[in-house]
Amino acid sequence: MSRYNPQLIESKWQKKWSENNYYQADDSSQKTKYVVLVEFPYPSGTGIHLGHTREYTLGDFIARYKRLQGYNVLFPMGFDAFGLPTENYAIKHQISPIKATQDNIQSFEKQMKLLGFSLDWSRKINTSDPAYYKWTQWLFLQFFKHDMAYQTEVSINWCPFCKTGLANEEVVNGRHERCDTLVEKKKLKQWMLRITKYADQLIDGLKQVDYLDKIADQQINWIGKSSGAKVKFKINKSHLTVEIFTTRLDTIYSAACLILAPEHPLVNQLTTDQNRAAVNEYIKETQSKSDVDRQIDKQTKTGYFLGSYAVNPINQNLIPVYIADFVLANYGTGAVFGDIHDERDAEFLRQHHIKATVSVVPKDKQLAQRVIDQTEIFTQDGYLINSDQFNGLNSEQARKSILEFLINQGLAKEQINYRLRDWVFSRQHYWGEPIPIIHCPVHGPVAVPDQDLPVELPKISSYQPTDDGKSPLSKIASFVQTVCPICHQPAERETDTMPNWAGSSWYYLRYFDPNNDKFFVDPVKLNYWYPVDFYLGGMEHTTLHLLYSRFWANFLADIKLLPSPEPYLVRRAQGIVLGPNGSKMSKSKGNVVNPMDILNNGYGADSLRLAIGFIAPYDLTTAWNSEILAGTYRFLNRVWNIINQFVVDHDNFKIIDENLKLEQQLKVIINNMVNQVELDLNKLNFNTAIASMMEALNGLYKIYQKSINQIKLEVWQNAFETYLIVLSVFTPHIAEELWQIMGRDQSIQLSTWPIVDQNLLINKTITLIVQVNGKLRGTLNIKADLHQSEVESLIKQNQHFQAYLKHQSIKKVIFISNKLINFVI
RNA sequence: GCGCGAGUGGUGAAAUGGUAGACACGCAUGCCUUAGGAGCAUGUACCGCAAGGUAUGGAGGUUCAAGUCCUCUCUCGCGCACCA
């Protein structure tokens, strides 16, 4: 009997599978389709890491399970090759990004194959391939043609290290999420996509899909819808008005001042000569500070009085106008009224000695008094005081009434604001899709005609971005100089490129039809495959890739390029794999576990795959633990040994003393396992599914060692074969090898998922729980479906239980058939 | 501060309101041997000789019955954050 040698069998089967194209999805199948999508990787130089391995292994479990169930499964893979990581890698290693990408893709693909993923490699895509980005550019032009892409001079987040603009989503704690450099503000003319137009749809669409709650919550949070009102404040002795945004119109009687953002356009006009010098000084100061610096000390509310006064439209009170850097220029109207019912405002009033009035108090009288005395700040909804005819209303009623009152005078209107900003879509980098626009002195920005797509990236020698905020493409005259497609007069190409999120915003669609050079995807294939049935990815993309790609799909559905707006029916996120010491894996900490090392250590892909499924629930962040691996390896050895033993015993098999009860037991073990694994896989409980397989194997061992000759050969054969089919979802190589050793010619992948025998699930005898006053007092092995009276009489005959019930009056008996009996005494 | 989620053995973790700790790691004892990165058997929450009692971060509550439901509270993780 041979020993289990994963390296030998794994490479053998990987080769066979790829030769036989088992995983190529069929575009014209009669079967029901099922698309399993996992986020495609950046092909960085370090090869795949354990995080990829977890994500793709879990996706592979689903894909293999669905395939055995008879679905036409599409489980594709590609490479998100544009973007900063690849460019930085190329610069560092002094090779061209094209070459770097090719090399890295090759090694990624090789490594993924070593892990036995059932990917359809015939559909491989690469976002940096001109044949692919031709359609990224074409799709961008659809945005442009529908006024969804526009150019504007904006103050953008600028990364001085990467020398490029960033989207809000890429800035984390004031730093660029990739390189951790402090982000600066810079005014640049940028291409923007109107994602804000889809804010409501992106919230509402979540109701139609099955996303993990926290994913949906995070997206809703990020979009940050808030309903309130815009109110006009007239400036005293002036024709000017300042518009403010508030969600708390019920507190307007408390408005003690107006506060504008330093960048507010009216600041200059509202500043009196007397204050001008100091105000300008303050503005200069804030501009020199980064967002992070501004937020370092949230307690100190700096600001400056402009010299003007505004008129509170509700009561005609004159209130001073200030600027302060805690008011954000790019949210709402860039101006607010300051009042005591907001913690920040209250702090501002206190620090600048502005007199505050209370207008909302809580119901609790003692608390209300403290609020009136201004010893306590009350920011919640309550009841109105000091508010003329609105006194006594609750906050919600007051908001409505006051809004109506002001609307009638033309001084207010309802307003919904979002935190979500339009998407800065320009990058000043070489390694991205060129934005396919030509700037004509006469016609302005003009779309590159479809027949001229793709606008290919020119090959250049220096990829280094420039300091002046321009893409390196701007230095290539032969690229820049062109003619206007409308008037054929000299014109210039756009030199900005798209962000790395562009290619990934629609990549899943390209898998449906990866080689089409006539259209981004053939409508017939699109209708068959769209939408994605199951999408697994990282939590970190919830407000980046996931939101962006939903936005693209929503827009493309609006212009009839997609059948429906929501691209992913189910979205789940796998947990992060931490280093063995419980902290994030990183080179500097020296706690990186490389999946390829695990393979080279002789454990093999099957043990690794199993360990990944077994270590914890799939969505839990978990520290890598190589002892789990030793356990799964041991388990596979036991599977290997018992089946090889069976094949040996098979030849000299003689039935002795046939035992039908034992045979039934064997069948029940297998049937229970299939049932349990099926239930668990449907819920993505891979860890308990694998535990069920281990439990079943323990059961098989027990019966096999003692009583192999008491059960018919074909029952054994059937049990082991069923076992292997279920196992093949998790560990395809060893399953395939043992399947062959058992004498089957056809691949185990072409088998069908076993059917659970419902009759075998019903137990003939059960273990009844016996409780007294809810406390466990023992169990009783009895026939199933006994009546309460029968059970009670059995218990009364039982000395052990009698000890508890004797001399007691039984008040009540709770009886749940086949489960429990509880005596209340 | 806001939004989500989680707290269970020495460890990773199981438990449709119904036997808490499945499965696995580790450990202990024994067996076997071709002495291995093995294999097999038994045991392994805590207290107690036992009968029994106590245990799911803490405090209450609902219930015949609570890890699970409710209220309060503590701790940790993730996300967002001067968004009016």
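Quick note on labels: first sequence line is chain A, next is B, and so on, each numbered from 1. The structure presented is a predicted model; accordingly, all values stated were derived computationally and were not measured. The basis for the numbers below is simple: all heavy atoms, side chains too, and nothing from hydrogens, waters or symmetry mates.
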### Message
Check this for me: A:Glu376, atom CD, are more than 12 non-hydrogen atoms of other residues, nucleotides or ligands nearer than 6.0 Å?
### Response
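Check passes, neighbour count above 12.
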[X] [atom1] - [N] [atom2] separation (whole Å):
X: A:Ile215; N: B:C78; atom1: CD1; atom2: C1'; value: 12 Å
X: A:Lys301; N: B:A84; atom1: NZ; atom2: P; value: 14 Å
X: A:Asp597; N: B:G37; atom1: CG; atom2: P; value: 20 Å
X: A:Gln219; N: B:G79; atom1: CD; atom2: C1'; value: 12 Å
X: A:Lys225; N: B:A84; atom1: NZ; atom2: P; value: 14 Å
X: A:Ile416; N: B:A84; atom1: CD1; atom2: P; value: 13 Å

Just name whichever nucleotide pairs with [N], Watson-Crick or G-U, keeping both distances under 3.5 Å, else none.
N: B:C80; value: B:G1
N: B:C49; value: none
N: B:U68; value: none
N: B:A22; value: none
N: B:A28; value: B:U42
N: B:A55; value: none
N: B:G36; value: none
N: B:U8; value: none

### Query
A:Tyr618 ring centre to A:Arg54 NZ or CZ under 6.0 Å, with the angle to the axis within 45°?
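No; the conditions do not both hold, so A:Arg54 does not lie above the ring face of A:Tyr618.
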### Query
Checking A:Lys301 against A:Phe326: charged group under 6.0 Å from the ring centre and within 45 degrees of the axis?
yes
Do [X] and [Y] meet the criterion of a side-chain donor-acceptor pair at a distance under 3.5 Å?
X: A:His541; Y: A:Glu39; value: yes
X: A:Asp250; Y: A:Ser395; value: yes
X: A:Tyr253; Y: A:Thr357; value: no
X: A:Asn417; Y: A:Ser226; value: no
X: A:Gln645; Y: A:Asp649; value: yes

#### Entry: P atoms of B:C69 and B:C4, separation to the nearest Å
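Those two atoms are separated by 16 Å.
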Does OP1 or OP2 of [N] have a side-chain N or O of [X] closer than 4.0 Å?
X: A:Lys214; N: B:G5; answer: no
X: A:Tyr331; N: B:A84; answer: yes
X: A:Tyr804; N: B:G52; answer: yes

### Summary
B/S/- along nucleotides 17-36 of chain B (protein heavy atoms under 4.0 Å) is -BB--BBSSS----------
### Query
How do A:Lys812 and A:Phe245 order along RNA chain B: which one's closest nucleotide is nearer the 5' end?
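The answer here is A:Lys812.
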### Message
Given B:C4, B:G52, B:A84, identify the nucleotide with an atom nearest to the side chain of A:Asp217.
### Response
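For the A:Asp217 side chain, the nearest candidate turns out to be B:C4.
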### Query
A:Asn221 has a side chain; which of B:G12, B:G79, B:A84 sits nearest to it?
B:G79
Please classify the nucleic acid contact of [X] as base, sugar-phosphate, or nothing, using heavy-atom distances under 4.0 Å.
X: A:Val327; answer: base
X: A:Lys811; answer: nothing
X: A:Arg777; answer: sugar-phosphate
X: A:Ile220; answer: nothing

### Task
Using modelled atom types only, decide if a donor and an acceptor are shared between the side chain of A:Asn798 and the backbone of A:His800 within a distance under 3.5 Å.
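Yes, A:Asn798 side chain to A:His800 backbone: donor-acceptor pair under 3.5 Å.
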### Task
Using a 90° cut-off around 0 for syn, call B:G7 syn or anti.
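Anti conformation here, the glycosidic angle of B:G7 being more than 90° from 0.
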